[in-house]
2 protein chains.
Amino acid sequence: MGVRKSNRDVASSTEGMRRGRSTARSATVDEAEEATAGPDALDLSGLNAVVGYALRRAQLAVFEDFIARFATLDLTPAQYSVLLVIGNNPGRKQAEIAAALGIQRPNFVSMLDELERRGLAERLPSATDRRSHALVLTKAGSALLARARAMQDEQERELAQKLGPGGREMLVALLQRLM
Amino acid sequence: MGVRKSNRDVASSTEGMRRGRSTARSATVDEAEEATAGPDALDLSGLNAVVGYALRRAQLAVFEDFIARFATLDLTPAQYSVLLVIGNNPGRKQAEIAAALGIQRPNFVSMLDELERRGLAERLPSATDRRSHALVLTKAGSALLARARAMQDEQERELAQKLGPGGREMLVALLQRLM
DNA sequence: CGATAATTGTTATGTCATATACCAATAACA
DNA sequence: TGTTATTGGTATATGACATAACAATTATCG
């Protein structure tokens, strides 16, 4: 079952992505392709109509922006999501947090190792089950999460601006219908 | 997969009652919720508000569906996109096709190797530049692409149905604004 | 009760997507 | 012409992700 395969190609970085967060966009791929196209412009009309392709590219763009913003905190999107969920659900065991985030438990181990190494999260012994660990944030972890939340809120605001009035909520609602 | 399915946002609880370690009461409250070994749901409200998270999950869901559909054709999303772009732009060189798809040229080599091995695409010598290859689809490649297109159209229709009237176009338009 | 099954965290390992550095051949250019 | 850029390719590193197996522990049920 190749649930995990596929190399969602799509533009990840390099040329196409270098525009960063500038809200000033001169021409979209669509426009460039329809504008009688120069001799070297490729016809991408087939792809632009594909929801999956647009989804992939948009996701990469947003994640790239996220990573750039969070570089100062040295947090990846995955790490941020882990801190967030632990913060909102302290005391839960690894398996629960991992499952909630769709992370395989084996892969979650090293993620937690790293967060623990950086003094952001802790594995406390569970009082009721000697197998499991109760995950909590340290003070430093909570502090970092607070800063991260603020940064994330800022990104969300800028995205909302890009998306126009009500666009953000509309987008999230539409995305929700795909899951 | 990487994404859990049933993530009821619920939220609730707001962790006001999150017992840290004090098991002054029977810990049954923790486990006696669901019979399926599922304790009470976690609070994921923080994540559900994040555009990037919704984007990632939706993209994974759509790609997973795509992969399942295309299993009979043995085509990944990336391979489909390559066939599509070559088909719409025959005779272009590798670097152009790769760049259009955001694929690094080194990574594009093995992708083409595979498509060529399967007799779907061909590297023809360029008449004007002995360095470059002119990429084209074979007959088999065109035939497969036609079948793939039909499948893709079907997925698009089902997505449109999920998204409601005008939802698909709205979604694509919003996604376009993020890139 | 006790045997068996299930869960938890973990290690080991494999695959796949993607990035960079470098190269030889060729072309473009100043 | 000599220098630089491009093209396709190789080699390689790095993550993200998956599965198998395991010891310790807990749950289940006859």
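Throughout, protein chains are lettered first and strands after them, A, B, ... in sequence-line order, and every chain is numbered starting at 1. What you are looking at is a predicted structure, and each value in this text was computed from that prediction instead of being measured.
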| request: Give a yes/no answer on whether the side chain of B:R56 brings an N or O atom under 4.0 Å of OP1 or OP2 in D:dA16. | output: no
| field | Listed partners of B:R118 passing side-chain contact (heavy atoms from CB on, under 4.5 Å), at least two apart | value | B:D74, B:L75, B:Q79, B:E114, B:L120, B:L144
| Relative to the 5' end of DNA chain D, which residue comes earlier, A:D129 or B:H133, by the nucleotide with the nearest heavy atom? | B:H133
| Atom pair distance, as rounded to whole Å: CD in A:Q59 and C1' in D:dA16 | 12 Å
| B:D113: what forms a side-chain hydrogen bond (donor to acceptor under 3.5 Å, both in side chains) with it, not counting sequence neighbours? | B:R123
| Short side-chain N/O contact from A:R123 to OP1 or OP2 of C:dG9, under 4.0 Å | no
| request: State whether A:R105 places a side-chain N or O below 4.0 Å from either non-bridging phosphate oxygen (OP1 or OP2) of C:dT11. | output: no
| said: Looking at every non-hydrogen atom in both residues, tell me the closest pair between A:A134 and A:G91 and how far apart they are. | reply: CB-O, 3.5 Å
| Nearest-Å distance for atom pair CD/P, residues B:E116 and D:dG8 | 12 Å
| field | Polar side-chain atom of B:N89 near backbone of A:L42 as donor-acceptor pair, under 3.5 Å | value | no
| Touch class at under 4.0 angstrom, heavy-atom based, for A:N107 against every strand present | base
| message | Both A:R131 and A:D113 contact DNA chain C. Which one's nearest nucleotide lies toward the 5' end? | response | A:R131
| field | Watson-Crick and G-U pairing of DNA chain D written in dot-bracket, each distance under 3.5 angstrom, with | for inter-strand partners | value | ||||||||||||||||||||||||||||||
| task | Under the ring-ring contact (aromatic ring centres under 6.0 Å, His included) rule, collect the residues that match up with B:F70, sequence neighbours excluded. | result | B:F66, B:Y80
Contacts table for residues 163-178 of chain A: side-chain donor-acceptor under 3.5 angstrom, sequence neighbours left out:
| residue | atom | partner | partner atom | Å |
| --- | --- | --- | --- | --- |
| A:R168 | NH1 | A:E156 | OE2 | 2.8 |
| A:R168 | NH1 | B:A49 | O | 3.0 |
| A:R177 | NE | B:K162 | O | 3.1 |

| query | Under the ring-ring contact (aromatic ring centres under 6.0 Å, His included) test, which residues partner A:F108, sequence neighbours left out? | reply | none
| said: Distance criterion of 3.5 Å, no angle test: do you see the side chain of A:R130 paired donor-to-acceptor with the base of D:dT25? | reply: no
| field | Gap between atoms CE and C1', on A:M111 and D:dT14 respectively (whole Å) | value | 15 Å
| Under 4.0 Å between a side-chain N/O of A:Q104 and OP1 or OP2 of D:dC17, yes or no? | no
| Under 4.0 angstrom between B:Q94 side-chain N/O and D:dT6 OP1 or OP2 | no
